[in-house]
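Structure record follows, encoded as C-alpha coordinates.
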Amino acid sequence: MKFLSTSNMDIGVISVRYARALLKGSTEQHIEEQVYNEMQTLAESYIKVPELRRTVDNPMIAKEVKAKLLKSAAGSSSITSMTERLIDLILKEGRENMTQFIANAYVTLYRQQKNITRGKLITAVPVTDSVQQKMLSMVKGRTNGHVEFTTETDPTILGGFILEYDTYRLDTSVKTQLNNIQKKLS
(Lines give C-alpha, C1' and ligand atoms only; values in the text may rest on other atoms or scores of the structure.)
Protein backbone atom coordinates (compact mmCIF):
# COMPACT_ATOMS: atom_id res chain seq x y z
CA MET A 1 0.00 0.00 0.00
CA LYS A 2 1.39 3.39 -0.99
CA PHE A 3 0.66 6.52 1.05
CA LEU A 4 0.49 9.86 -0.70
CA SER A 5 2.31 12.72 0.91
CA THR A 6 1.42 16.34 0.37
CA SER A 7 4.40 18.67 0.25
CA ASN A 8 4.41 22.07 1.92
CA MET A 9 4.24 23.72 -1.49
CA ASP A 10 1.18 21.67 -2.43
CA ILE A 11 -0.48 22.58 0.88
CA GLY A 12 0.08 26.27 0.14
CA VAL A 13 -1.19 26.08 -3.43
CA ILE A 14 -4.23 23.99 -2.51
CA SER A 15 -5.05 26.16 0.52
CA VAL A 16 -4.98 29.33 -1.57
CA ARG A 17 -7.25 27.74 -4.18
CA TYR A 18 -9.83 26.87 -1.54
CA ALA A 19 -9.49 30.34 0.00
CA ARG A 20 -9.91 32.10 -3.37
CA ALA A 21 -13.02 30.09 -4.15
CA LEU A 22 -14.42 30.87 -0.70
CA LEU A 23 -13.67 34.59 -1.11
CA LYS A 24 -15.26 34.66 -4.56
CA GLY A 25 -18.40 32.88 -3.37
CA SER A 26 -18.74 34.91 -0.19
CA THR A 27 -18.21 38.17 -2.11
CA GLU A 28 -20.94 37.21 -4.59
CA GLN A 29 -23.28 36.60 -1.64
CA HIS A 30 -22.11 39.80 0.13
CA ILE A 31 -21.10 37.87 3.24
CA GLU A 32 -17.32 38.12 2.83
CA GLU A 33 -16.92 40.09 6.07
CA GLN A 34 -18.86 37.48 8.08
CA VAL A 35 -16.76 34.71 6.54
CA TYR A 36 -13.63 36.78 7.28
CA ASN A 37 -14.58 36.89 10.96
CA GLU A 38 -15.26 33.15 10.94
CA MET A 39 -11.94 32.34 9.27
CA GLN A 40 -10.10 34.56 11.76
CA THR A 41 -11.83 32.77 14.62
CA LEU A 42 -11.04 29.37 13.11
CA ALA A 43 -7.35 30.25 12.60
CA GLU A 44 -7.13 31.62 16.16
CA SER A 45 -8.75 28.44 17.50
CA TYR A 46 -5.90 26.42 16.04
CA ILE A 47 -3.42 28.62 17.88
CA LYS A 48 -5.27 28.77 21.20
CA VAL A 49 -6.24 25.10 21.29
CA PRO A 50 -3.36 22.90 20.04
CA GLU A 51 -5.48 19.78 20.56
CA LEU A 52 -7.74 20.96 17.72
CA ARG A 53 -5.18 20.02 15.07
CA ARG A 54 -4.47 16.62 16.62
CA THR A 55 -8.18 15.85 16.85
CA VAL A 56 -9.11 17.06 13.36
CA ASP A 57 -6.13 15.27 11.78
CA ASN A 58 -6.86 12.00 13.63
CA PRO A 59 -8.20 9.46 11.11
CA MET A 60 -9.95 7.55 13.90
CA ILE A 61 -12.33 10.44 14.62
CA ALA A 62 -15.57 10.38 12.62
CA LYS A 63 -16.02 13.11 10.00
CA GLU A 64 -19.31 14.17 11.63
CA VAL A 65 -17.48 14.83 14.91
CA LYS A 66 -14.77 16.74 13.08
CA ALA A 67 -17.40 18.81 11.27
CA LYS A 68 -19.08 19.80 14.54
CA LEU A 69 -15.72 20.62 16.09
CA LEU A 70 -14.57 22.77 13.16
CA LYS A 71 -17.90 24.59 12.92
CA SER A 72 -17.71 25.35 16.61
CA ALA A 73 -14.09 26.49 16.24
CA ALA A 74 -15.17 28.87 13.46
CA GLY A 75 -17.36 30.82 15.83
CA SER A 76 -20.65 29.82 17.17
CA SER A 77 -23.58 27.70 16.18
CA SER A 78 -24.64 30.39 13.72
CA ILE A 79 -21.85 30.37 11.14
CA THR A 80 -22.58 31.19 7.52
CA SER A 81 -23.70 28.48 5.14
CA MET A 82 -20.59 29.28 3.11
CA THR A 83 -18.29 28.33 5.98
CA GLU A 84 -20.38 25.23 6.70
CA ARG A 85 -20.06 24.13 3.07
CA LEU A 86 -16.33 24.77 3.10
CA ILE A 87 -15.86 22.60 6.18
CA ASP A 88 -18.01 19.84 4.67
CA LEU A 89 -15.98 19.99 1.44
CA ILE A 90 -12.65 19.92 3.29
CA LEU A 91 -13.74 16.79 5.16
CA LYS A 92 -15.24 15.14 2.06
CA GLU A 93 -11.98 15.66 0.15
CA GLY A 94 -9.82 14.52 3.09
CA ARG A 95 -8.08 17.89 3.38
CA GLU A 96 -8.65 18.46 7.09
CA ASN A 97 -4.89 18.87 7.61
CA MET A 98 -5.14 22.06 5.51
CA THR A 99 -7.98 23.74 7.39
CA GLN A 100 -5.82 26.21 9.31
CA PHE A 101 -3.88 27.09 6.14
CA ILE A 102 -7.12 27.67 4.21
CA ALA A 103 -8.44 29.93 6.98
CA ASN A 104 -5.20 31.92 7.07
CA ALA A 105 -5.12 32.20 3.27
CA TYR A 106 -8.69 33.54 3.24
CA VAL A 107 -7.81 36.14 5.89
CA THR A 108 -4.79 37.25 3.84
CA LEU A 109 -6.74 37.44 0.57
CA TYR A 110 -9.60 39.33 2.22
CA ARG A 111 -7.19 41.88 3.70
CA GLN A 112 -5.55 42.38 0.31
CA GLN A 113 -8.92 42.81 -1.38
CA LYS A 114 -10.13 45.33 1.23
CA ASN A 115 -6.74 47.11 1.61
CA ILE A 116 -6.53 46.26 5.31
CA THR A 117 -3.28 46.63 7.21
CA ARG A 118 -2.69 45.09 10.62
CA GLY A 119 -0.95 47.23 13.17
CA LYS A 120 0.19 46.48 16.70
CA LEU A 121 1.50 48.66 19.48
CA ILE A 122 3.42 46.91 22.26
CA THR A 123 4.13 48.83 25.45
CA ALA A 124 5.46 48.00 28.91
CA VAL A 125 2.35 49.44 30.57
CA PRO A 126 -1.18 50.01 29.26
CA VAL A 127 -1.58 53.17 27.18
CA THR A 128 -4.37 55.71 27.21
CA ASP A 129 -6.98 55.79 24.47
CA SER A 130 -5.55 59.07 23.17
CA VAL A 131 -2.06 57.56 22.75
CA GLN A 132 -3.57 54.55 21.00
CA GLN A 133 -5.56 56.83 18.68
CA LYS A 134 -2.45 58.90 17.83
CA MET A 135 -0.52 55.76 16.89
CA LEU A 136 -3.47 54.45 14.87
CA SER A 137 -3.73 57.78 13.03
CA MET A 138 -0.02 57.68 12.25
CA VAL A 139 -0.28 54.17 10.80
CA LYS A 140 -3.41 55.11 8.79
CA GLY A 141 -1.59 58.12 7.38
CA ARG A 142 1.28 55.95 6.18
CA THR A 143 -0.77 53.07 4.78
CA ASN A 144 -3.67 54.89 3.07
CA GLY A 145 -6.12 52.14 3.92
CA HIS A 146 -8.10 50.59 6.72
CA VAL A 147 -6.06 49.54 9.75
CA GLU A 148 -6.89 46.77 12.21
CA PHE A 149 -5.01 48.00 15.26
CA THR A 150 -4.29 46.16 18.49
CA THR A 151 -2.36 47.05 21.60
CA GLU A 152 -0.46 44.65 23.78
CA THR A 153 1.25 45.04 27.13
CA ASP A 154 4.63 43.35 27.59
CA PRO A 155 6.42 44.37 30.81
CA THR A 156 9.64 42.69 29.62
CA ILE A 157 10.34 45.56 27.22
CA LEU A 158 10.83 47.74 30.36
CA GLY A 159 9.72 50.99 28.70
CA GLY A 160 9.30 52.68 25.34
CA PHE A 161 7.24 50.93 22.68
CA ILE A 162 7.31 48.67 19.64
CA LEU A 163 5.11 49.61 16.68
CA GLU A 164 4.53 47.06 13.91
CA TYR A 165 2.54 47.26 10.68
CA ASP A 166 3.04 45.65 7.29
CA THR A 167 6.76 44.91 7.19
CA TYR A 168 7.62 48.01 9.25
CA ARG A 169 8.84 47.70 12.84
CA LEU A 170 9.83 50.62 15.05
CA ASP A 171 11.40 49.39 18.29
CA THR A 172 12.16 52.09 20.86
CA SER A 173 11.94 49.74 23.81
CA VAL A 174 14.34 50.13 26.71
CA LYS A 175 15.14 46.41 26.48
CA THR A 176 16.35 46.76 22.88
CA GLN A 177 18.35 49.88 23.68
CA LEU A 178 20.07 48.09 26.60
CA ASN A 179 20.80 45.08 24.40
CA ASN A 180 22.34 47.38 21.75
CA ILE A 181 24.55 49.05 24.35
CA GLN A 182 25.63 45.65 25.69
CA LYS A 183 26.57 44.51 22.14
CA LYS A 184 28.67 47.62 21.60
CA LEU A 185 30.51 47.07 24.89
CA SER A 186 31.22 43.40 24.16
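Both backbone and side-chain heavy atoms feed into the values below; hydrogens, waters and symmetry mates do not.
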Salt bridge (charged side-chain N to carboxylate O under 4.0 Å, His left out) with Glu96: which residues, sequence neighbours excluded? Lys63, Lys66
Does Glu51 have any salt bridge (charged side-chain N to carboxylate O under 4.0 Å, His left out) partners at least two apart in sequence or in another chain, and if so, which? Arg54
Is there side-chain contact between [X] and [Y], with at least one heavy-atom pair below 4.5 Å?
X	Y	answer
Leu136	Val147	yes
Thr83	Met39	yes
Met82	Glu38	no
Ile47	Gln100	yes

Say whether [X] and [Y] are linked into one hydrophobic cluster, either directly or through other cluster members, by side-chain heavy-atom distances under 4.5 angstrom.
X	Y	result
Leu163	Ile122	no
Leu89	Met98	yes
Ile90	Ile11	yes
Val49	Ile61	no

Table please: side-chain donor-acceptor pairs of residues 112-120 below 3.5 Å, with sequence neighbours left out.
unit_1 : atom_1 : unit_2 : atom_2 : d
Lys114 : NZ     : Glu32  : OE2    : 3.0
Asn115 : ND2    : Asn144 : O      : 3.1

Any chance you could lay out the side-chain contact (heavy atoms from CB on, under 4.5 Å) test for Thr123 and Thr151, step after step, and finish with the verdict? CA-CA 8 Å; Thr123 57; Thr151 58; over 6 Å; no
Inter-residue atom distance [X].[atom1] - [Y].[atom2], 0.5 Å rounding:
X	Y	atom1	atom2	answer
Leu86	Arg95	CG	CZ	12.5 Å
Leu42	Ile102	CG	CD1	9.5 Å
Ser45	Arg53	OG	CZ	12.0 Å

Decide side-chain contact (heavy atoms from CB on, under 4.5 Å) for Glu148 and Gln40; before the verdict, give the C-alpha distance in whole Å, the side-chain angles of both, and the deciding distance to 0.1 Å. CA-CA 13 Å; Glu148 291 180 349; Gln40 278 187 303; 4.0 Å; yes
Looking at Thr108 and Asn104, would you say the former's side chain and the latter's main chain have a donor-acceptor pair under 3.5 Å? yes
Pairing residues for Ser81 by the side-chain hydrogen bond (donor to acceptor under 3.5 Å, both in side chains) criterion, not counting sequence neighbours: none
Who clusters with Leu185? Use side-chain heavy atoms, under 4.5 angstrom, across I, L, V, M, F, W and Y, and order the result by chain and number. Ile181
In residues 170-180, what donor-acceptor pairs under 3.5 Å come from side-chain atoms, sequence neighbours left out?
unit_1 : atom_1 : unit_2 : atom_2 : d
Asp171 : OD1    : Ser173 : N      : 2.9
Asp171 : OD1    : Ser173 : OG     : 2.7
Asp171 : OD1    : Thr176 : OG1    : 3.2
Asp171 : OD2    : Thr176 : OG1    : 2.7
Thr172 : OG1    : Phe161 : N      : 3.2
Thr172 : OG1    : Phe161 : O      : 3.0
Ser173 : OG     : Thr176 : N      : 3.2
Ser173 : OG     : Thr176 : OG1    : 2.9
Gln177 : NE2    : Thr172 : O      : 3.0
Asn179 : ND2    : Lys175 : O      : 3.4
Asn180 : ND2    : Thr176 : O      : 3.4

Per the ring pair (Phe, Tyr, Trp, His ring centres under 6.0 Å) rule, what does the pair list look like for [range], sequence neighbours excluded?
range	value
residues 21-54	Tyr36-Tyr110
residues 47-66	none
residues 112-156	none

So for atom CD, which belongs to Glu33, do other residues, nucleotides or ligands contribute more than 12 heavy atoms lying within a distance under 6.0 Å? no
Between side-chain atoms of residues 16-29 and protein atoms elsewhere (two or more places apart, or another chain), which donor-acceptor pairs fall under 3.5 Å?
unit_1 : atom_1 : unit_2 : atom_2 : d
Ser26  : OG     : Leu22  : O      : 2.9
Ser26  : OG     : Leu23  : O      : 3.2
Ser26  : OG     : Tyr106 : OH     : 3.0
Thr27  : OG1    : Leu23  : O      : 2.6

Tyr165: which residues meet the ring-ring contact (aromatic ring centres under 6.0 Å, His included) condition with it, sequence neighbours left out? Tyr168
Which heavy-atom pair separates Leu69 from Val56 by the least distance, and what is that distance? CD2-CG2, 4.1 Å
What residues form a side-chain contact (heavy atoms from CB on, under 4.5 Å) with Gln34, not counting sequence neighbours? Ile31, Thr80
